[in-house]
Undergrad: 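Pasting a structure below so you can have a look.
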Number of protein chains: 2
Amino acid sequence: MTELENYISGYFGIAQKDLANLASMFEEVSLTKGEYFVKKEQYSQTIGFLRNGFIRYYASDQHGNKEVTQWIASGGNFIAEISSFTFKTASRFNIQALTDCQLYVISNERWNEIVNVIPRWPELEKLFLTKCFVTMENRIFAHLSMTAEERYLELFETNPEILNQVPLQHLASMLGMSPETFSRVRKKLMEAK
Amino acid sequence: MTELENYISGYFGIAQKDLANLASMFEEVSLTKGEYFVKKEQYSQTIGFLRNGFIRYYASDQHGNKEVTQWIASGGNFIAEISSFTFKTASRFNIQALTDCQLYVISNERWNEIVNVIPRWPELEKLFLTKCFVTMENRIFAHLSMTAEERYLELFETNPEILNQVPLQHLASMLGMSPETFSRVRKKLMEAK
DNA sequence: TTATTTTCTTGACATATGTCAAGCGCTCAA
DNA sequence: TTGAGCGCTTGACATATGTCAAGAAAATAA
């Protein structure tokens, strides 16, 4: 089983024989640090599967004063500006490689042909989208109910590796706090241990 | 065209002849103010379409100190604890009528039979879920990039009617601020005009 | 209607978090 | 190896927002 098949199999329960077909629909792409997967306002007609590295979603706030990091994706996850991909609208975010990255990429047209390989694909896609939606609901609840320190802790417990691998200022922004607050929370929790 | 057909037709582009069939799969349900559509920890196997009234999603924060309003749905929208509905997990939220409400309700089993009435239902459902996901991404971006006052203003411009129809304390919570801050922002913007 | 409860507002004050500015310490390229 | 940037930390201070308590207003019940 190739790496991509392994990953996809983790997301969806798919029969071995179909996995190879599915995997063959993707194309290997590399991004070097700083390169863009999508630029804001452009149209993005692809979905990427991030094999390794980190990719940041960001945009300016409404006044153009500061860059806000919407999300940082780690290896093993899908990457897409889903609004642009699905509704052919302008991208809301820049999606940029924070490190050198390797991806598997698939075009919109190809994505829509997956159903020919895997008949129950619509169901799997639905479950995938639902899972994404539920994750976002939980993320909103976290912002409504938790302090900056609690949000930091949650990240630390959920995804500790990321803390050594991407600029902390971007993690701070993704968690909705300033880099200074992030640094202080971090210090406090270090000393407490 | 009945009310439900009219609503559904707004969400999805569906042929007239299919609409009646689809609508007939729903059941009329009323809730009086204070009644629950779902209680937290229970299993919810239905989706509701809110004809009129307001329904609040809420749960306690992690310490059990305060109730947090995740969302308030207005008439003309679907209501569901989607995680419980799709993955048969315990509900994360209470979903409670803030006013007397009329709904159309459909069970999980019935929902899965819609495809027999409308063959392209999986595609419509996917578009619907994607739209929900995009909405949540935008809501998170709002929390990362906007002040309390800006979030209030956005609600005021997007959905002004809601401000006279549900307790402001719940709107405050949904926007991630205290009732006092909500009240002060409100006063400030009233005076400014 | 009147009584009772709930919700909203307001002031005084507390606290979390943001801002600014300086210094330190990496990293990376020459 | 050595600058030159960039990113992180820290202190001093500013500000947004939260908390508490009281009273006013509105909704609900009797």
Side-chain angles (χ1 to χ4, degrees), chain A residues 32-35 53-54 56 58 60-69 72 96-100 142-156 162-192, chain B residues 32-35 53-54 56 58 60-69 72 96-100 142-156 162-192:
Chain A
T32 60
K33 180 175 173 174
E35 273 192 286
F54 294 92
R56 176 171 80 113
Y58 73 94
S60 292
D61 69 12
Q62 56 183 339
H63 309 295
N65 289 331
K66 61 175 179 183
E67 273 181 4
V68 174
T69 296
I72 295 172
Q96 183 186 31
L98 285 176
T99 61
D100 291 352
H143 273 276
L144 297 178
S145 67
M146 292 161 80
T147 63
E149 183 174 329
E150 289 169 335
R151 295 197 301 277
Y152 173 92
L153 257 176
E154 186 179 67
L155 178 67
F156 183 75
I162 206 175
L163 292 165
N164 319 315
Q165 301 187 261
V166 312
L168 302 182
Q169 55 181 315
H170 297 144
L171 294 176
S173 178
M174 180 180 99
L175 294 176
M177 69 187 83
S178 68
E180 292 91 339
T181 294
F182 188 93
S183 176
R184 288 177 183 120
V185 164
R186 202 165 181 251
K187 183 182 179 188
K188 180 180 166 192
L189 293 174
M190 296 289 247
E191 287 169 352
Chain B
T32 60
K33 180 174 173 175
E35 274 193 286
F54 293 92
R56 175 170 79 116
Y58 73 94
S60 292
D61 70 11
Q62 56 183 343
H63 309 295
N65 289 332
K66 61 174 180 184
E67 274 180 4
V68 175
T69 297
I72 295 172
Q96 185 186 27
L98 284 177
T99 60
D100 292 352
H143 273 278
L144 297 179
S145 67
M146 291 160 80
T147 64
E149 182 174 328
E150 289 168 336
R151 295 197 300 278
Y152 172 92
L153 257 176
E154 187 180 66
L155 178 66
F156 182 76
I162 205 175
L163 292 165
N164 320 315
Q165 302 186 260
V166 311
L168 302 182
Q169 56 182 313
H170 297 144
L171 293 176
S173 177
M174 181 180 99
L175 294 177
M177 68 187 82
S178 68
E180 293 91 339
T181 294
F182 188 93
S183 176
R184 287 176 183 122
V185 164
R186 203 165 178 251
K187 183 181 180 189
K188 180 180 167 192
L189 293 174
M190 296 289 247
E191 288 170 351

Undergrad: For A/N164 and D/dC8, what is the distance between atoms CG and C1' respectively, to the nearest whole Å?
TA: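 Checked: the CG to C1' distance equals 14 Å.
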
Undergrad: With a 6.0 Å cut-off (strictly less than), is the heavy-atom count around CD of B/E150, excluding the residue itself, greater than 12?
TA: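 Counting other residues, nucleotides and ligands, CD of B/E150 exceeds 12 neighbours.
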
Undergrad: Show the numbers, then the answer: is there a side-chain contact (heavy atoms from CB on, under 4.5 Å) between A/R186 and A/L168?
TA: CA-CA 10 Å; A/R186 202 165 181 251; A/L168 302 182; 3.5 Å; yes

Undergrad: Got B/Q62 and A/E154 here, is their nearest side-chain heavy-atom distance under 4.5 Å?
TA: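 Counting from C-beta outward, B/Q62 and A/E154 never come under 4.5 Å.
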
Undergrad: Apply side chain to side chain donor-acceptor pair (under 3.5 Å) to B/Q169 and list each qualifying residue two or more places apart in sequence or on a separate chain.
TA: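 Counting only residues at least two positions away or on another chain, B/Q169 forms no side chain to side chain donor-acceptor pair (under 3.5 Å).
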
Undergrad: Please tell me if the side chains of B/T99 and B/Q165 come closer than 4.5 Å, counting only heavy atoms from C-beta onward.
TA: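 When only atoms from C-beta onward are counted, B/Q165 and B/T99 do not touch, as no gap falls below 4.5 Å.
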
Undergrad: Between atom NZ in B/K188 and atom C1' in C/dT10, what is the gap in whole Å?
TA: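 Taking NZ of B/K188 and C1' of C/dT10, I get 17 Å after rounding.
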
Undergrad: Measure CZ/A/R186 against C1'/D/dG7 and give the value in whole Å, please.
TA: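 Atom-to-atom, A/R186 to D/dG7, this comes out as 11 Å.
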
Undergrad: Identify which nucleotide among C/dT7, D/dG7, D/dT10 has an atom closest to any side-chain atom of B/Q169, counting heavy atoms from C-beta outward.
TA: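 Per side-chain heavy atoms of B/Q169, the pick is C/dT7.
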
Undergrad: Would you list the protein and nucleotides 27-30 of chain D atom pairs, both N or O, that sit under 3.5 Å from each other?
TA:
unit_1	atom_1	unit_2	atom_2	d
D/dT28	OP1	B/K33	NZ	2.4

Undergrad: Protein within reach of the bases, or only the backbone? For nucleotides 15-20 of chain D, mark each nucleotide 5' to 3' as B, S or -, using heavy atoms under 4.0 Å.
TA: --SSBB

Undergrad: In whole Å, I'd like the distance from the CG atom of B/L168 to the C1' atom of D/dA24.
TA: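 The distance from CG of B/L168 to C1' of D/dA24 comes to 15 Å, rounded to the nearest Å.
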
Undergrad: Does any N or O in the side chain of A/R151 come within less than 3.5 Å of the main-chain N or O of A/L175, such that one atom is a donor and the other an acceptor?
TA: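 At least one qualifying donor-acceptor pair exists.
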
Undergrad: In Å and rounded to the nearest 0.5 Å, what is the CG to NE2 distance from A/L144 to B/H143?
TA: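 The distance works out to 5.0 Å.
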
Undergrad: When you measure from the side-chain N and O atoms of B/K187 to the phosphate of C/dT9, is any distance below 4.0 Å, counting only OP1 and OP2?
TA: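 The answer is no; no side-chain N or O of B/K187 sits under 4.0 Å from OP1 or OP2.
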
Undergrad: How far does CE of B/M177 sit from CG of B/L171, to the nearest 0.5 angstrom?
TA: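 Reported value, rounded in 0.5 Å steps: 9.5 Å.
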
